[in-house]
Amino acid sequence: MPLTLRTVDAAEPDDRRVLVRDDFNVPLDDGRVSDDLRVRASLPTLRHLLERRARVICCSHLGRPKGKRDARYSLEPVAGVLGDRLGVEVAFVDDVVGDQAARAAQQLEPGQVLLLQNLRFEPGEEANEPDFADRLASLAELYVDDAFGAAHRAHASVVGVAERLPAYAGYLLASEVKELSRLLEGPERPFVAVLGGSKVSDKLAVLSNLLGNVDSLVIGGGMCFTFLAAQGHEVGDSLFEPDQVDAVRDLLARAEREGKRILLPTDVVVADDFVEDAEHRTVPAGGIERGWRGLDIGPDSAKAFAAAVRDARTVFWNGPMGVFEWSAFEAGTRAVAEAVATTDAYTVVGGGDSAAALAKFGLDDKVDHLSTGGGASLELLEGKDLPGVNVLRES
Ligand code: 3PG
Ligand code: MG
């Protein structure tokens, strides 16, 4: 059933204090934001609120500090980046729901922006403690959730506050839900999903749900070795999850029964060590010797995967095909990224690693929808209800 959300367009934010939950869980390098995709993605909603002369209080988590203050996870560096992108000064307060935060929120004028300290410095956030949710909600009159990447977490800033204030979906969250839902609701065919990344255990539920919707599943990355092993191949020292073999066999059998194509690598780039300058060579996927591990799909597989993408009308891609960060092992991921970027099919890319790969190859603006959600996008595609989306449903 298509899901209708109450969006920020229905809000009356003028002059009012609006608490905006963003997902500013960005990668930091030496205290500097090294990839600001999530900050840029937050801008349309914030610009809208500022045009309406709202008093904007942004909040987010960063990393997993587990309810304790930890300077490594301070959101302060994000305030500068956000301010630059918005073209408005963003004040930062080193407090979440204490007196300092309350005072800073109180002093905001229309058109001003405040960023609170990392929500996860407070134990009440992840536990969705009523007292913490009360205090967070008391900072504002309205609540806007634009943190799609955290929509699968039933935390205070996602669910608790939405139950306490008039709550709306921001533009990012609404568009993520809309675009990802298109993959599950009558996608144009053929629909091909390309899955990679290291662990099959992380992706099995999404593979299983997608199998009902796709025409082909294309499997690369570290997880392909569990598939190859399930087919009886030697995988040498490659990543391999023995406890997933039975589940993978079931999935392969189901695909065959349902007439779905599963495309696995036929050749693999193997290395003698997990280091950037390891000795490496291309071998058939069917027989990787001990002492060698697959770090990328091989050139024949890359061609076949790219062709599968080119033949599709709808493409979903999540997870790199190999260790694309290292140039010797980037070719498979590059081939998939280029095919996804150049097809005129409807293309959706999810997960931080695929987004980073697109950015590395200069292709990140060449897809129809680049999701800011990792776990959240996968859970949505698993067919699960996301708590952060549920609370924003139009009733
Ligand atoms: C993410 O990066 O996937 C989101 O920000 C959620 O982070 P979490 O997995 O720590 O809840
Ligand atoms: Mg396109």
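Ligands are counted one by one from 1 in listed order, and the atoms in each one are counted from 1 as well.
Within the cation-pi definition used here (under 6.0 Å to the ring centroid, within 45° of the axis), Arg120 does not qualify as a partner of Tyr73.
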Using the ring-ring contact (aromatic ring centres under 6.0 Å, His included) rule, take Phe274 and Trp326 through it: C-alpha gap first, then chi angles, then the decisive distance, then the call. CA-CA 10 Å; Phe274 189 76; Trp326 296 340; 4.9 Å; yes

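Checking Gln244 against Thr226 by side-chain atom types alone, no donor-acceptor pair falls below 3.5 Å. At a cut-off of 3.5 Å, with distance as the only test, a side-chain donor of Glu176 or Ser371 sits close to an acceptor on the other residue.
Here the CG-OG1 distance, from Asp353 to Thr333, works out to 9.5 Å after rounding to the nearest 0.5 Å.
Sorted by chain then number, the residues whose non-hydrogen atoms approach ligand 1 to under 4.0 Å are Asp23, Asn25, Arg38, His61, Arg64, Arg120, Gly149, Arg153.
Taking a cutoff of 4.0 Å between a charged side-chain nitrogen and a carboxylate oxygen, Asp385 and Arg393 qualify as a salt bridge.
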